[in-house]
Every structure is written in C-alpha cells, then in structure tokens.
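Chain letters run A, B, ... following the sequence lines, proteins first, then strands; residues in each count from 1.
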Amino acid sequence: MSVSVTLTVNGRSVTRSVEPRTLLVQMLREHLGLTGTHVGCDTSQCGACVVHLDGRSVKACTVFAVQADGASVTTIEGLAAADGTLHPMQAAFREHHALQCGFCTPGMVMSAIDLVKTNPAPTERDVRVGLEGNLCRCTGYHNIVKAVLAGAEAMRPPVVPAAE
Amino acid sequence: MTKADGIGASVKRREDFRFLTGRGTYTDDIDRPGQTHAHILRSPFAHARVKSIDVAAATAAPGVVAVFTGADMAADGVKGLPCGWLIHNKDGSPMNEPAHPPIVIDKVLHVGDQIAVVIAESRAQARDAAELIEVDYEEMPAVVDAVAAQAPNAPQVHGDAPGNLCYDWHLGDQAATDAAFARAAHVTKLDLVNNRLVANAMEPRAAIGEFDRATDEYTLITTSQNPHVIRLLMGAFVLGIPEHKLRVVAPDVGGGFGSKIYHYAEEAIVTWAARKVGRPVKWTADRSESFLSDAQGRDHSTHAELALNQDGTFLGLRVSTVANLGAYLSTFATSIPTYLYATLLAGQYTTPAIYCEVKAVFTNTVPVDAYRGAGRPEACYLIERLVDNAARELGIDRVELRRRNMVPASAMPYQTPVALQYDSGDFHRNLDLALPMIDYDGFPARRAEAAQRGKLRGIGFSTYIEACGIAPSNVAGALGARAGLYESAEVRFHPTGSVTLFTGSHSHGQGHETTFAQLVADRFGIPVDSVEIVHGDTSKVPFGMGTYGSRSLAVGGSAIARAMDKVETKAKKIAAHMLEASEADIEVKDGSFTVAGTDKSLTIGEIALSAYVPHKFPLEELEPGLDEQAFYDPKNFTFPNGCQVCEIEIDPETGVSEIVKFVCADDFGRVVNPMIVEGQVHGGLVQGIGQALMENCVYDARSGQLVTGTYNDYCMPRADDLPFFAVKYHEEALCTHNPLGVKGCGEAGTIGAAAAVMNAVVDALSALGVHHLEMPATPQAVWQAIRAARPSQAA
Amino acid sequence: MYAFNYHKPGSVVEAVALLGQNEDAKLVAGGQTLIPTLKQRLAMPGDVIDLSGISDLSGIREDGDGLVIGAMTRHADVVGSDIVRRRIPALAALAEHIGDRQVRNLGTLGGSIANNDPAADYPAGLLGLGATVTTDRRTLAADDFFIGLFETILEPTEVVVSVHFPVPERAAYAKFPNPASRYAVVGVFVAKTSTGVRVAVTGAGAGVFRETAMEQALSAQFAPDALAGITIDSAALNDDIHASRDYRAHLVTVMAKRAVAAAS
C-alpha cells in the first residue's frame with residue numbers, strides 16, 4: 001500500500017507515492033535525489049540526517065515521510081544562494097575548518113542553524129550541549145564549536161540604533 | 001617566507017564547498033541504472049555449525065532477484081579473503097592462516113558472520129526476504145576473550161589453529177633484557193588491557209558491484225581508503241578477475257580511521273553477484289551491521305616490566321602481550337600487534353634492552369585490525385603508564401624521569417634495540433614547549449583549589465613516537481609484508497598551464513585536494529586553483545597503495561615531489577631549447593625558468609604550452625608533452641613525535657572525569673597546511689580520549705553477543721564531553737630522508753592521548769592509593785576505584 | 001522495518017476506534033522511540049495510528065493551582081514555555097534534558113509516559129509532582145499510572161489526552177545520564193508540596209518509583225543533609241555494563257541530594 005506525500009522541499013512543492021514505512025530521509029535521498037542528507041546510524045543518535053521540518057531541526061531518520069505530509073522541509077541543499085553564496089553558518093564551517101570527511105557536516109550545519117535560531121548568542125557550553133545530537137568522528141568538535149560561535153555572530157542581525 | 005598558497009599556508013579547503021552544500025558523492029549517494037539491492041543475512045550466534053540453509057521461501061518472496069549462499073560462491077570458484085602480512089613464529093614456522101570465505105560454508109565464527117545474501121529490487125524487500133531464510137544452526141560454545149581462548153579446554157575457533165593460536169612471535173634480545181633486569185635496582189610491573197574499540201567512521205561501509213557483459217569489465221564502487229589494494233586483493237586472490245578488467249572506485253569516503261583499509265567480504269559479494277544477476281548490486285551497511293562487520297581495533301592484554309637503576313635510568317623493558325585477532329585474519333591484522341607495536345617499545349627513551357613476545361589468538365569476535373594508530377597507541381600507553389608508575393615508586397618527578405631517559409637530539413640518528421632507526425627528533429624541545437602551555441608549575445595550586453571544591457585534580461603526561469610513512473618496501477617485505485608500500489603520482493601539465501595531479505593516496509577527510517595542490521603551487525608558482533587532484537579511481541590513477549598509517553604526505557607527497565622533479569627537468573630542457581641556451585645555464589625559481597645572468601625567462605605556463613605545441617622541437621632529443629609520473633619508495637619510516645599533557649578533574653561523588661585542559665607540542669616535520677594539521681590533531685586526540693574515558697567494545701563472555709552494538713551502549717565522544725585543545729608544533733627536526741622533510745600527523749593525537757588521560761586519572765586518584773585503572777575510566781569504573789580505595793568517602 | 005498500514009485520525013474518538021479495529025496497532029505520537037524500535041524490527045505492528053492530526057492534544061495552559069499539558073505537546077515546547085518556566089521551572093529543566101535537541105523537537109509528553117521506558121525522564125516528573133493523567137475515558141493519578149517495565153495501567157485502546165501538574169512549592173530534577181545513550185542511569189525528581197515531599201526515581205529500577213524513606217526525611221527537614229543516613233537497597237535495581245546495582249543505589253542518593261540542593 002502506498003500513500004501520497006506532498007512536501008515543500010527547499011521551497012519547491014513535490015509529491016511522491018511512498019510506502020508508509022518510508023522514512024523522511026529515504027524520501028529525500030531515494031525519491032528526490034537529495035543525497036546531501038546522510039544516514040550514519042539506525043538508532044537516531046548520530047544526527048547526520050538532520051533537516052529542518054517546519055523550521056525545527058529533526059532527525060529525518062526518525063520521521064515517517066507520511067508524517068511530514070504538507071510540511072516544509074529544508075535540507076543542506078537549500079541553504080546556499082543560487083549563485084553559490086554560502087549561508088553564514090556554512091561559510092563559518094569553511095573558514096574554521098570545521099569539517100574533514102564531510103559526512104556529518106550537513107546534519108551538523110542544520111543543527112547549528114536551529115541552535116542559533118533559538119539562542120542567537122550562545123556560549124561555548126551552549127554550543128557543545130546544543131550539538132549533543134550530532135556525532136563527528138573527524139574533528140574532535142574543536143573547530144565545529146569555533147565555527148558555530150562564529151556562525152552565530154555572523155547570523156546576528158546588526159544592532160540598529162533605536163530611532164529618536 | 002610562506003607563499004600565499006604554498007607550503008606552510010593555511011589554505012582553506014577546496015573540497016569544503018561540495019561537502020557544505022550537500023554535493024559530496026559518497027558511495028551510498030550513487031545509484032546505477034538497473035540497480036538491485038543486497039541484504040546480507042548475518043549469524044545471530046557467535047559459534048555454530050550450519051547444518052542446512054533453506055532459501056526457497058526467500059527466493060520466492062516479492063521483489064527477490066536471487067539468493068546466494070557460501071556454497072554458491074565456492075561452486076563458482078570464489079576463494080577466501082587473503083591476509084596481507086605473514087608473521088613467523090619464534091621457531092621460524094609460519095603463522096596459522098585459516099580459511100576466510102566471504103560467505104560461510106558450514107560454520108559461523110562470530111555474531112554477524114555472513115550466512116547468505118539476498119538480492120532484490122529494493123533494500124526493504126531484500127531485508128524482508130532474508131527473514132524467510134531458514135538456517136538450521138547447531139550452537140557451540142564460544143570464546144571471546146583472548147586470554148581465555150588459550151585455556152586448555154577453550155572452544156576451538158578454527159579446526160586448523162590448535163589452541164586458537166595464530167602465532168607466537170617475539171622481538172628483541174631476550175638475554176640482554178634478562179641481564180638488564182638482573183642488575184636493576186628497581187623493577188616497575190604492570191598488567192594492563194588495551195580495550196577493544198570500534199572505528200565508527202560516520203559513513204557506514206557501502207559497495208556497488210557492476211558487470212558489463214559487452215566488455216567483460218567489472219566495476220566496484222566502495223568505501224575504501226585504498227582502491228588499488230582492493231583491486232589487487234579481490235581481483236587476484238578472491239574472484240580471479242584480471243586487473244585490466246576490474247575497476248575499483250572509492251569516491252568521497254566519510255572517514256576511515258583504518259576500518260576502510262581492508263578488503264571486505266561484501267565487496268567480493270556484490271562484485272561477484274553483479275555478474276550472476278546481470279545487474280548492478282548495491283549494499284549499504286546499517287550502523288548496527290557496521291558494529292558486527294567492520295574490523296575493530298586494539299584488544300591487547302599485556303604484562304610489562306621496566307627495569308631501572310637507582311637514579312631512574314631505564315635499563316630494560318620486558319613485555320608479554322596476548323592480542324585478540326577475532327575470528328578471522330583481516331587484511332593487515334597480523335602486522336599490528338607485531339611490527340607496528342613491538343618496534344615502538346623504545347618510545348622516546350634510551351632503554352638499551354627490550355624484549356617483547358606476542359601471542360596472537362583467534363576468538364569468536366569480529367576481526368581486529370588497524371584502527372587509528374594501530375599498535376603504536378598500545379605501545380605508547382604501556383610505556384607511558386609504566387614510566388608514571390616508576391616515577392611515583394622511585395619518588396622522581398615524572399617530567400624529570402622522562403627528561404633523564406629521553407634520546408637527546410644530538411644522538412640522532414638513533415638505533416633502537418627493536419629494529420627501528422629514528423632519523424630525527426628533538427624530544428626535549430617538545431617537552432619544553434608543552435610545560436608552559438599547561439603551566440606545570442602552577443599545577444599544585446590548581447589541585448589545591450580543586451580540592452576545596454571537593455574535586456580530585458590530576459595531571460598526566462604522555463610522550464609518544466610513531467613509525468609512519470610506511471614503508472620501505474624492502475624492509476616491509478623482509479618482515480612478511482605481501483605487498484610493496486610505495487606511492488605513486490603523476491603531474492600532468494596542460495597546454496594552458498593548469499595541472500591535473502593524479503595520486504595513489506586517497507583522501508577521506510585529510511584534505512589532499514588542498515594540501516597536494518599546495519605542493520604544486522609552491523613548486524611552480526601557480527595558484528592552487530589551477531591544480532586539480534584526482535584520486536580514488538584505479539582507471540585514472542597509477543597503481544597506488546592508499547592512505548593509512550599517516551603516510552599520505554610522507555610517501556604520497558614525496559611521490560608528487562619526485563614527479564615534479566621530473567617535470568622540472570623536462571621543463572628545463574624545453575626552456576633551454578626555446579631560449580637558445582644551455583640546459584646547465586637555466587635557473588629555476590618559483591616556476592620561472594631563466595637563463596643565468598640574463599632577463600631571458602619563461603614561466604612554466606609558457607613552457608607547458610610549447611610542450612604541447614612543439615612546432616620547432618628537435619624531436620630526436622626532446623619529446624612533446626609535460627606529463628611525468630613517479631613512484632616513491634621511502635628509505636626509512638618517518639618518526640612523528642610529541643608531548644601531550646592532560647589535566648583532569650574528578651567528581652568523587654559520581655566518578656565523572658572532566659578534562660579541564662589538554663595541550664600538545666608536536667614534531668611532524670615540515671607542515672604544509674597548519675590549519676589542516678591542527679584539525680588532524682584535534683580529531684586524533686578525541687579518539688584517544690574516547691578510548692581512555694568512554695569507548696569500549698564489550699562481548700558477552702558466555703554467548704559471544706556484542707553488548708555494545710549501537711550508540712546506545714558504545715559511547716562515542718560528543719561535543720559536550722570535551723574542551724578546546726591547545727596545539728603547537730615545531731619544525732626544528734625535519735625528516736632527513738624524504739624530499740619534503742615531512743613526517744605525518746594523522747595518528748599522533750590518538751597515539752599519545754589515551755596515556756595522557758589515564759596518567760591524569762591515576763594521578764588524580766593516587767592520593768587514595770589507586771595506582772592503576774583499566775580503560776575506559778568510565779564514571780562507574782572511577783567510582784568503584786575510589787570506593788575500593790576509600791570506602792567511607794564513596795559509600 | 002516491516003510494512004504497515006498508516007492512519008491519521010482527526011479526533012481522539014477516531015483514534016480509539018482505530019485501536020479497537022486493529023488488534024496489533026501502535027500509536028505514534030512523536031515517534032522518537034517507536035520509529036527506532038521499528039527500524040530495528042523489534043516490533044511488527046500491522047497498523048500505525050498517527051496522533052499528530054488531532055490538534056486539541058497539543059498545548060500548555062494554566063489550570064487553577066496547576067498546569068495542563070496536552071499529550072502531543074513536544075518536549076521543546078515545554079522547554080520553551082513561559083508558563084512552565086514560571087510555574088514549574090523544574091519541569092522545563094527536566095524536559096530540557098530529554099534526548100537531544102532534535103528528539104525534543106518531535107518527542108511528546110504523552111508518548112514518553114505511555115511508553116514508560118524505565119530510563120525515561122517524564123515519569124519521574126509526573127510521579128514526583130503527583131500529576132494526574134487524563135485519558136479518553138478517565139483520570140489516573142501518576143501513583144497508579146506507572147506499573148513497571150514499559151508497562152502502564154492504560155488499556156489497549158486507551159489514549160492519553162493530557163497531564164495535569166500541580167504547582168509545587170519547590171522542585172528540582174537531577175539526572176545522571178548514561179554517557180552513551182543519554183537516558184537516565186538515575187534521575188531523581190524532588191518536590192516539596194503543600195501536602196508533603198515527594199521523591200521519584202527513574203533509571204534505577206524496572207520503572208519509576210517513589211523513595212519513601214527520603215520523602216519522610218525531607219518532610220522533616222528539606223535539606224541535602226537530611227538524606228545522609230538513608231541507604232538505598234540495591235537488590236531490586238538495574239544492573240548493566242554502564243552501572244551496577246551498587247553504583248545506581250549510590251547515585252540515587254547523590255542525585256537526590258543535588259536535586260534537594262537545587263530546589264532549596
């Protein structure tokens with residue numbers, strides 16, 4: 001039995017017929033060809049599959065595609081501008097060498113952006129705790145934490161002096 | 001002076017854009033037309049006879065294309081997986097090398113062993129059908145611990161390996177070592193376990209096999225650190241495919257740490273099956289499957305003794321190790337507890353007599369092979385734990401004891417008593433750099449302040465040396481390696497002056513696309529963006545040995561340097577011709593070829609253009625083209641070394657250890673890209689810290705089940721477990737025997753860190769009388785140690 | 001995972017009916033436990049009933065001397081709720097330590113308590129605060145709701161609608177997380193209410209339980225030192241590679257003291 005699922009993925013509406021047991025990450029990777037979202041574990045811990053579902057970070061391996069029917073999904077492919085200009089968080093990851101093999105990177109960036117959205121000026125500790133749902137085996141997290149702190153700074157709107 | 005994108009510059013990585021935008025191409029991201037999906041049925045038992053396998057129901061299940069067993073593969077002439085390193089016993093006889101079929105025939109030897117493969121239209125259908133395979137098992141007693149496996153009545157893993165022994169090997173001068181102990185004023189003894197680990201690269205392994213009936217050519221796309229090695233092993237030994245008909249591609253690979261060096265059964269299964277079913281076959285591991293099928297690391301049980309005279313001078317080291325190899329011999333398993341371990345037992349010290357014996361043992365566990373550091377972390381941990389205990393027992397400051405025994409820079413090159421000759425190194429300098437970074441003098445005050453808060457504070461040192469840049473092929477061959485260990489490179493200038501660089505090394509996080517381009521940029525004065533790096537495809541790059549053992553820059557980079565030498569030689573000839581000068585008069589600097597004493601000069605770009613448009617070439621003397629290849633076989637190992645210091649605070653109420661400070665001062669020889677080097681150190685440190693404080697691969701002693709088979713039980717380090725690190729390096733003791741003066745940096749952090757952390761933990765607990773603790777020092781383990789030492793305060 | 005039929009009812013009544021019609025059906029709320037279980041093929045429901053389409057199951061509101069939190073309210077919404085932070089900050093703090101950020105963005109109160117994982121955090125919050133669970137057919141005191149290992153008093157077709165939390169005088173939750181899974185090895189919720197002190201322990205045993213000796217001691221004197229003489233019997237506690245019975249028993253005392261200190 002298949003079900004029809006319609007999502008708005010990175011601003012584009014898509015409809016696919018999938019089995020109910022299809023996970024959101026499978027729909028993204030296998031049905032929509034968006035392979036930037038990765039699968040690093042099968043117990044919902046590693047965070048390689050993190051995407052934004054209606055603006056909140058979730059593990060796409062722990063949501064059925066059909067549960068997301070009608071929702072808006074942002075993946076790593078949807079962050080940079082069409083001309084290749086990186087999102088400030090992506091740019092911070094590059095600037096601070098916060099990635100090595102790149103496999104955890106999409107999930108790490110998506111988690112970091114969500115973290116900064118609810119906490120625009122995080123401390124080092126906030127960042128470390130905020131990334132507890134994402135595993136990285138390459139970087140020792142040192143440069144990731146630096147990048148998220150820098151990315152948060154870059155994402156903060158400039159302080160505009162109050163009008164007289 | 002460092003050029004903007006030459007050697008020594010922290011050039012931002014060129015590979016980052018694709019990874020940051022989700023445009024990397026990992027094996028599982030690839031789908032081939034007509035592709036089928038494989039699911040591998042794995043043994044639920046650690047040790048059992050397979051009496052029968054009935055695949056009828058599975059074969060008839062929806063979407064199933066085929067089901068194959070070990071018998072099907074054997075009937076087709078498929079051979080077992082080979083071991084790449086032959087070790088000889090003490091008596092000179094060869095090791096035991098039991099069969100290692102890609103799919104078992106009649107006996108399973110560990111939980112996760114391959115029973116059958118189901119190939120279906122979808123991954124879900126393959127897995128659904130696999131549950132319909134009926135296997136009649138006769139369960140047998142299992143043994144998972146290597147020491148237990150040596151007991152007289154232990155279950156026998158292989159019929160042809162009596163006593164579960166693979167080999168009984170030794171190294172060093174036993175008589176001289178015994179004599180040293182006989183005259184020692186003091187002997188420090190320690191029994192320790194180097195706990196088993198799981199590499200856990202974040203990308204699970206995957207493989208796609210493909211066969212083209214029109215050309216008779218096979219393609220294997222796989223998560224490998226060394227595609228040529230896979231092509232050689234699988235083609236020549238397992239499937240009997242000639243190398244010109246087998247292409248192996250390792251695209252973007254999501255971390256390896258050793259676990260993706262080896263030739264795995266799944267690679268042979270999908271490649272073989274692709275021909276059987278006439279369609280591409282794809283397999284991707286679940287993480288749970290990775291825990292049961294990726295080669296694991298470490299797992300040594302060791303008794304060690306250090307002999308010292310009264311002033312603390314090391315006289316001798318005696319080591320006896322039992323190494324657990326798991327159920328089968330993985331590709332390089334046999335070399336790890338021998339030539340990558342015992343040869344490093346001198347460490348940074350002048351210990352004149354060393355003797356090490358190693359028994360390697362089969363058990364009903366997942367095979368064990370190299371994991372980041374591979375043998376060297378085991379050696380370092382043992383030495384540095386002994387040194388700390390010896391310092392305490394003799395009442396000598398641990399830094400002072402290390403200083404007294406370190407090989408002085410003036411003694412280089414230094415011949416150790418365990419085969420290696422260190423070419424360079426300034427160990428005292430590392431220590432001198434590290435001490436102010438950690439403020440060693442201020443430690444007593446920090447400890448007192450922590451005590452006021454009820455915390456136990458400890459400081460731990462580790463000095464390490466590793467043998468990298470494997471390896472001189474003649475040396476490796478004499479020690480049993482069944483392969484050469486050189487590296488290849490081809491530097492191809494294009495007519496417009498840009499370069500494609502083909503390397504036999506493989507990048508799976510190391511940043512070769514950036515650092516290797518820097519080598520070319522530095523040499524020829526062209527921008528890094530004019531250099532494209534090609535790697536990981538046997539149809540494109542010359543035969544290469546791949547990336548492991550911190551060898552890429554030391555061996556692969558040296559091959560690039562040699563190829564660039566050849567390019568320069570050729571370019572000089574062309575320049576001489578074009579400038580109508582003698583070749584001897586051409587001076588080369590930063591890619592400019594100038595007639596000495598004149599302003600007549602050509603850039604490498606102009607030379608490249610004329611090389612491909614050779615209108616006036618004297619073709620008898622000068623070939624067109626500017627495209628050179630080199631194979632580099634190192635003269636010696638390289639010896640990265642350093643000093644790490646860890647400061648830790650323990651909450652005695654809960655046993656939780658918090659790393660409050662971690663510093664290291666390293667010598668990696670010449671550093672090409674400091675940003676990347678520091679990143680390698682950070683990551684390496686955390687794998688060592690993980691081993692020391694949280695990671696542990698545990699099997700149930702009775703059933704042989706893997707207890708820590710998911711991230712719910714195997715504790716991976718997370719961001720909130722760790723501090724920032726302070727990392728320094730010096731370039732005062734360059735490698736003397738390779739063209740770049742480089743040593744390697746990939747494993748250094750891991751090799752030293754476990755010892756530094758555990759020395760800090762033991763130091764924190766030493767006032768309670770705790771003098772050793774096994775890894776990992778989990779909160780429970782620390783609390784238990786405190787309770788045992790000081791019942792009243794932990795109860 | 002195994003194939004299943006998917007249902008998305010629009011009301012609790014419809015959900016209850018679907019449960020009645022499909023014997024081995026499972027409810028999915030946030031899915032953060034169910035989906036990993038299904039992925040490991042540890043359960044084989046023929047039907048999965050998604051509660052996310054029932055809008056009146058979500059939300060947080062003040063209700064007299066307490067708070068009412070809908071069963072489908074996500075952990076992240078409890079963490080971020082001004083109402084919860086103001087009235088029962090200990091509950092927001094508890095929710096903040098469930099799983100990780102992504103789990104909290106989907107996981108729900110109702111899903112957590114209906115599953116009653118012995119290492120889950122919310123059961124300690126409910127039992128510690130003396131909460132009341134409202135289902136489609138009745139109200140249940142937390143003391144009666146949690147039965148044992150993954151077991152509650154819920155009937156097979158019963159659906160949790162909301163939980164009423166009385167506001168305590170003071171309360172705190174202290175959790176010792178499993179270093180690997182981050183579930184509670186031991187979690188202790190301590191609340192001082194107008195009717196006495198309640199101490200609820202999760203992670204340590206087969207299910208959440210009250211530690212009455214501690215409650216009595218703290219009723220006499222609400223201070224960490226009041227717990228000094230109390231020994232936790234380790235015999236019935238969990239024992240695994242991460243924590244032995246003795247270690248868990250010890251941690252119950254340590255976490256209880258820390259919770260009391262935080263609540264004082």
Side-chain angles (χ1 to χ4, degrees), chain B residues 39 62-63 122-125 127-128 130-131 198 200 286-289 454 651-658 690 693-701 705-721 776-788 791 793-795, chain C residues 1-4 32-33 36-42 44 96-97 99-103 117 119 174-188 203 224 227-232 234 237-258 261:
Chain B
H39 178 80
S122 78
R123 209 173 155 186
Q125 285 173 326
R127 187 161 173 183
D128 289 344
E131 295 195 359
V198 181
N200 275 310
D286 287 333
R287 178 61 59 187
S288 303
E289 206 175 357
D651 175 354
E653 274 195 327
T654 59
V656 170
S657 302
E658 183 196 353
L693 294 182
M694 49 198 102
E695 297 182 42
N696 203 20
C697 180
V698 180
Y699 291 88
D700 183 75
Q705 296 292 328
L706 178 61
V707 178
T708 52
T710 74
Y711 292 144
N712 279 317
D713 290 303
Y714 188 90
C715 185
M716 291 279 281
R718 288 176 166 92
D720 59 356
D721 294 318
T778 61
Q780 169 170 247
V782 170
W783 176 78
Q784 284 170 338
I786 293 171
R787 188 172 66 156
Q793 294 186 38
Chain C
M1 73 187 76
Y2 301 104
F4 55 78
Q32 302 304 286
T33 300
T37 306
L38 296 182
K39 284 201 288 184
Q40 298 281 319
R41 297 195 168 213
L42 297 173
M44 198 175 178
E96 197 167 10
H97 288 96
D100 54 48
R101 183 179 190 85
Q102 289 71 37
V103 167
D117 188 303
K175 173 179 179 176
F176 189 86
N178 178 315
S181 71
R182 305 281 168 111
Y183 272 94
V185 168
V186 166
V188 180
L227 301 173
I230 297 171
T231 312
I232 303 295
S234 66
L237 300 189
N238 299 332
D239 189 89
D240 57 38
I241 58 164
H242 304 288
S244 67
R245 288 184 184 87
D246 288 348
Y247 184 45
R248 276 195 164 84
H250 168 75
L251 287 175
V252 170
T253 303
V254 175
M255 291 301 120
K257 284 183 182 171
R258 290 184 182 184

Between [X] and chain B, which part of the residue has a heavy atom less than 4.5 Å away: side chain, backbone, both or neither?
X: C/I241; value: both
X: C/Y247; value: both
X: C/T253; value: neither
X: C/M1; value: backbone
X: C/R258; value: side chain

- B/P779 to C/F176 - nearest heavy-atom pair and separation: CB-CZ, 3.7 Å
- Closest approach of C/A180 to B/N712 (non-hydrogen atoms, all atoms of both residues): CB-O, 3.3 Å
- Task: Give, for atom CD of B/Q780 and atom NE2 of C/H250, the distance between the pair rounded to the nearest 0.5 Å.
- Result: 11.0 Å
Should [X] and [Y] count as an ion pair when the cut-off is N to O under 4.0 Å?
X: C/K257; Y: B/E653; result: no
X: C/D246; Y: B/R787; result: yes
X: B/R718; Y: C/D100; result: no

What part of [X] is in contact with chain C, defined as an atom under 4.5 angstrom from a non-hydrogen atom: side chain, backbone, both or neither?
X: B/E131; value: side chain
X: B/D720; value: side chain
X: B/P717; value: neither

- Query: Are C/R41 and B/D128 side-chain neighbours, meaning at least one heavy-atom pair lies under 4.5 Å?
  - Reply: yes
- Do you know which of B/T710, B/D713, B/T778 has the most heavy-atom pairs with chain C at a distance under 4.5 angstrom? B/D713
